[in-house]
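A quick note: this is a predicted structure, and the numbers were derived from the prediction, not measured. Only this structure's heavy atoms are used, side chains among them; waters, hydrogens and symmetry mates stay out. Order of the sequence lines sets the chain letters (A, B, ...), proteins ahead of strands, with each chain counted from 1.
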Amino acid sequence: MAYVKWSRYLLPTWKEEPAEAEIPSHKLMLRAGLIRKVASGIYEFLPFGYRALRKVERIVREEMDSIGALEMKLPVLQPEELWRRTGRWEDFGPEMFKLTDRKGQGFALGPTHEEIITELASREISSWRDLPLTLYQIGEKYRDEIRPRFGVMRAREFLMKDAYSFHTSWESLEETYNDMYKAYYRAFLRCGLKIKVVEAPTGVMGGNVSHEFMAVAETGEDEIALCSSCGYAANRQIAHARPPSPPRVEERPLELVETPGVRTVEELVEFLGVSPSQVVKTFIYVGRGGPMAVLVRGDHELEETKLLQAVGDPTLRRVDDPDEVEGIAGAPFGFLGPIGLRIPVLADEAVRDIPAAVVGGNREGYHYVGAKPGRDFAVERYLDLRRVQEGDPCGHCGAPLRIRRGIEVGQIFQLGTKYSEALGATFLDRDGSEKPVIMGCYGIGVSRILGAVIEQHHDDQGIIWPVEIAPFHVVIPVLRPDMGEQMELSERLAEALDGAGMEALLDDRDRSPGEKFHDAKLIGVPLMIVVGPRALKRGEVEVERRRDGAKTSLPADPASVVEGVRELLRAESI
RNA sequence: CGGAGAGUAGCGCAGCCUGGUCAGCGCGCAGCGUUCGGGACGCUGAGGUCGCCGGUUCGAAUCCGGCCUCUCCGACCA
């Protein structure tokens with residue numbers, strides 16, 4: 001008897017909305033008894049939620065196995081020394097949970113596992129004959145997020161599948177990268193997710209090529225730019241659009257004008273009667289190479305990710321303290337400009353084409369008008385630094401870009417040799433020369449998938465599980481558990497279903513029918529078999545589909561119900 | 001880290017301004033009875049150091065100070 005009786009199960013549902021939750025998936029995961037909060041960003045998975053989590057895990061595992069990745073287990077507790085060798089003890093910074101053992105040795109709770117796996121590779125891989133190799137694990141990750149949010153969506157402890165591949169060549173890496181891409185797509189599809197794959201920034205991971213798998217959802221934290229015509233799709237942080245046309249103004253000589261108290265772009269536009277596209281904003285950044293100035297047009301926004309990527313310095317940060325700015329630039333905050341600055345100047349490409357720009361005067365109460373890039377101030381490099389907007393022309397085909405929101409459920413990277421070089425993971429090639437292994441890494445937020453699935457599959461009554469990851473296939477509310485006949489039949493049905501490989505949850509609780517119906521909707525399993533007097537009188541049971549409420553009647557005997565339910569479930573699966 | 005808000009029973013909340021039968025309500029929970037196809041009803045009952053520490057006061061959930069935690073917006077982020 002492997003089916004589950006609700007009365008003997010831990011599945012506490014809530015009628016009221018939890019005050020702490022904001023988005024549907026978070027509310028529903030609490031209300032339907034999947035998770036409970038222990039502390040900010042730390043959750044318990046109750047039995048019902050854990051069933052779903054394990055099913056997601058199984059799908060991911062199957063897809064990884066199918067491309068020849070080898071499952072293994074890496075430690076959560078990782079020595080500081082390893083992280084120092086790649087420089088990420090600092091780069092990851094306060095986002096890592098750090099601790100000290102009794103002897104004073106530093107450790108981190110692994111936020112990811114490149115260091116430990118590359119160190120493993122350095123020991124175990126020595127020849128080109130050992131390659132390529134792909135290893136993966138499914139385990140807890142720890143990140144001290146600045147702001148945990150939305151339940152399991154941004155948690156401090158979460159379940160992740162992480163894979164790492166090792167190669168002798170970039171071609172080999174690309175092959176595995178493509179296999180991963182496809183395997184990821186299949187895994188998300190099987191989980192019932194609607195996915196957009198987008199070009200992605202590489203952040204603290206390093207490397208060049210990267211894609212993110214975004215579950216499309218209004219409540220997603222990430223923004224993606226999609227071309228309506230050519231299929232270009234990218235994370236907004238790196239999305240490229242064609243440079244906009246320059247403002248139509250005449251070239252003119254440089255002139256310093258008095259602008260008392262006028263600091264912001266809006267104030268300048270008002271005070272000088274110019275258009276925002278003529279104004280140039282100046283920001284100060286400091287990184288490993290010292291301070292620099294960054295220019296963007298007044299009607300544009302600086303996309304910091306693009307800047308970081310272009311400069312290649314993860315420690316780069318914006319200076320926004322007025323005193324610090326004045327110390328670096330020698331000019332007051334609000335009146336900064338590139339003219340006469342003694343630090344390197346980078347600029348967005350749209351700045352180059354402004355014939356006569358308004359820039360800060362580097363003196364309290366003054367701005368320059370008629371400034372011409374190249375003539376009046378030097379720019380070291382022009383880059384695409386501008387944050388794309390809805391409707392911008394696609395960088396490839398010129399069609400308007402759309403901005404949508406998504407939940408990042410997976411990301412894959414072509415890392416190259418960043419980690420293998422730092423940690424000495426090399427191999428001897430056919431010609432006897434020693435080379436660093438070329439690496440890729442690949443992550444899936446397993447627990448986040450659950451949130452994303454619910455975000456995409458719910459209605460105002462509750463969750464609507466896709467069959468493949470539903471914690472149970474059917475729920476059987478026994479309307480009158482006190483009536484022996486109904487109870488007996490329900491048990492026989494549940495047992496028969498279980499024997500046929502379908503998971504049944506028998507609601508034998510002493511509750512009113514209304515409550516059982518509501519709970520069945522809330523927990524969202526795909527099918528409900530109603531065992532009640534009305535249909536029984538006709539020798540039938542009623543099957544209701546969660547997705548659309550469609551009802552079918554089946555003869556009230558185990559064989560017919562097993563057949564009928566099997567058919568209905570088959571029709572539901574992808 | 002900046003801004004805002006909140007911590008009173010398992011959940012959702014009132015009470016606080018104006019200190020003294022204010023330890024309260026709804027849901028949930030336990031017992032008994034009635035009910036039973038779309039969140040039933042009656043009766044009885046259990047359950048709370050009012051986030052923590054300190055102060056003011058004859059007296060503090062309520063006033064003052066400090067701390068902690070949680071949530072939201074922003075910044076940040078595989």
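- One C1' atom belongs to B/C29, the other to B/G10, and the distance between them is 8 Å to the nearest Å.
- Taking only distance into account, the side chain of A/Glu16 meets the base of B/G26 through a donor-acceptor pair shorter than 3.5 Å.
- A/Lys516 places its NZ atom 13 Å from the P atom of B/A40, with the value rounded to the nearest Å.
- OP1 or OP2 of B/G3 has not a single side-chain nitrogen or oxygen of A/Arg147 nearer than 4.0 Å.
- Residue A/Glu95 is classed as a sugar-phosphate contact, given heavy-atom separations below 4.0 Å to backbone atoms only.
- The separation between A/Ile42 atom CD1 and B/C70 atom P is 9 Å, rounded to whole Å.
- Here A/Glu174 pairs with A/Gln414 under the side-chain contact (heavy atoms from CB on, under 4.5 Å) rule; sequence neighbours left out.
- When only modelled atom types and interatomic distance are considered, A/Tyr419 and A/Arg85 share no side-chain donor-acceptor pair under 3.5 Å.
- A/Pro533 comes within contact range of at least one nucleobase, with a heavy-atom separation under 4.0 Å.
- Nearest nucleotide to the A/Leu479 side chain, out of B/G37, B/G39, B/C72: B/G37.
- The same atom, C1', is picked in B/A4 and in B/A14; the two are 23 Å apart, to the nearest Å.
- B/C76 atom P lies 12 Å from atom CZ of A/Arg154, rounded to whole Å.
- Of the C1' atoms belonging to B/U62 and B/G7, the separation is 15 Å, rounded to the nearest Å.
- Of all nucleotides listed (B/G37, B/C13, B/G39), B/G39 comes nearest to the side chain of A/His518.
- Cation-pi check for A/Lys516 over A/Trp6 is not met; the charged atom does not lie both under 6.0 angstrom from the ring centroid and within 45 degrees of its normal.
- Between A/His211 and A/Tyr181, a ring centre-to-centre spacing shorter than 6.0 Å is recorded.
- Nucleotides B/C25 and B/G33, compared at atom C1', are 25 Å apart to the nearest Å.
- The residue A/Asp519 sits close to a base: some heavy atom pair falls under 4.0 Å.
- With hydrogens and angles disregarded, no donor-acceptor distance shorter than 3.5 Å links the side chain of A/Tyr50 to the backbone of A/Ile35.
- No contact: A/Ala21 has no heavy atom under 4.0 Å from any strand.
- Summarising the geometry, the separation between CZ on A/Arg480 and C1' on B/A40 is reported as 13 Å, rounded to the nearest angstrom.
- The aromatic rings of A/Phe48 and A/Trp465 lie perpendicular to each other, with more than 60° between the two planes, well past the 30° mark.
- The stretch residues 447-459 of chain A has no heavy atom under 4.0 Å from RNA chain B, so no residue of it qualifies as close.
- Remark: the separation of the P atoms in B/G59 and B/U21 is 15 Å, to the nearest Å.
- In this structure, B/G47 makes no Watson-Crick or G-U wobble pair, since no nucleotide meets both defining distances under 3.5 angstrom.
- Between B/U49 and B/C53, the distance separating the two P atoms is 12 Å to the nearest Å.
- Base pairing analysis places B/G74 opposite B/C1; the two distances defining the Watson-Crick or G-U wobble pair are each below 3.5 Å.
- With the nearest nucleotide of RNA chain B identified for both A/Glu221 and A/Ser40, A/Ser40 has the one nearer the 5' end.
- The base of B/G38 does not come close enough to the side chain of A/Glu515 for any donor and acceptor atom to sit less than 3.5 Å apart.
- Within the 4.0 angstrom heavy-atom criterion, no nucleotide atom of any strand lies near A/Pro201.
- In this structure, A/Gln461 reaches neither bases nor backbone, as no heavy-atom distance under 4.0 Å exists between it and the strands shown.
- B/U8 and B/G51 have their P atoms separated by 6 Å, with the value rounded to a whole Å.
- The backbone N or O of A/Ile403 sits less than 3.5 Å from a side-chain atom of A/Glu390, completing a donor-acceptor pair.
- Taking atom CZ on A/Phe150 and atom P on B/C72, their separation rounds to 6 Å, with Å as the unit.
- Salt bridge status for A/Lys306 with A/Asp384: present, with a side-chain N to carboxylate O gap under 4.0 Å.
- The residue among A/Glu212 and A/Lys551 whose nearest nucleotide of RNA chain B is located toward the 5' end is A/Lys551.
- In this structure, A/Lys37 places its NZ atom 15 Å from P of B/G10, rounding to the nearest Å.
- When both pairing distances are held under 3.5 Å, B/G37 makes no Watson-Crick or G-U pair with any nucleotide shown.
- Under the Watson-Crick and G-U wobble criteria, each requiring two contacts below 3.5 Å, nucleotide B/A9 is left unpaired.
- Ring centroids of A/Tyr177 and A/Phe413 are separated by 6.0 Å or more, keeping the two rings apart.
- Close to B/U35, at under 4.0 Å from its OP1 or OP2, lies no side-chain N or O of A/Ser512.
- Between A/Glu71 and A/Arg61 there is a salt bridge, since a side-chain N of the basic residue sits under 4.0 Å from a carboxylate O of the acidic one.
- Counting non-hydrogen atoms under 4.0 angstrom, A/Arg36 reaches nothing in the nucleic acid.
- Between the P atom of B/C76 and the CD atom of A/Gln237 lies a distance of 9 Å, rounded to the nearest Å.
- Across the protein-nucleic acid pair, A/Lys15 atom NZ and B/C29 atom P stand 9 Å apart, rounded to whole Å.
- With distances taken from any side-chain atom of A/Ile146 to the nucleotides B/C70, B/G39, B/C76, the minimum falls on B/C76.
- Separation of the C1' atoms belonging to B/C64 and B/C16 is 14 Å when rounded to the nearest angstrom.
- In this model, the phosphate group of B/C77 is not approached by any side-chain N or O of A/Arg149 to a distance below 4.0 Å at OP1 or OP2.
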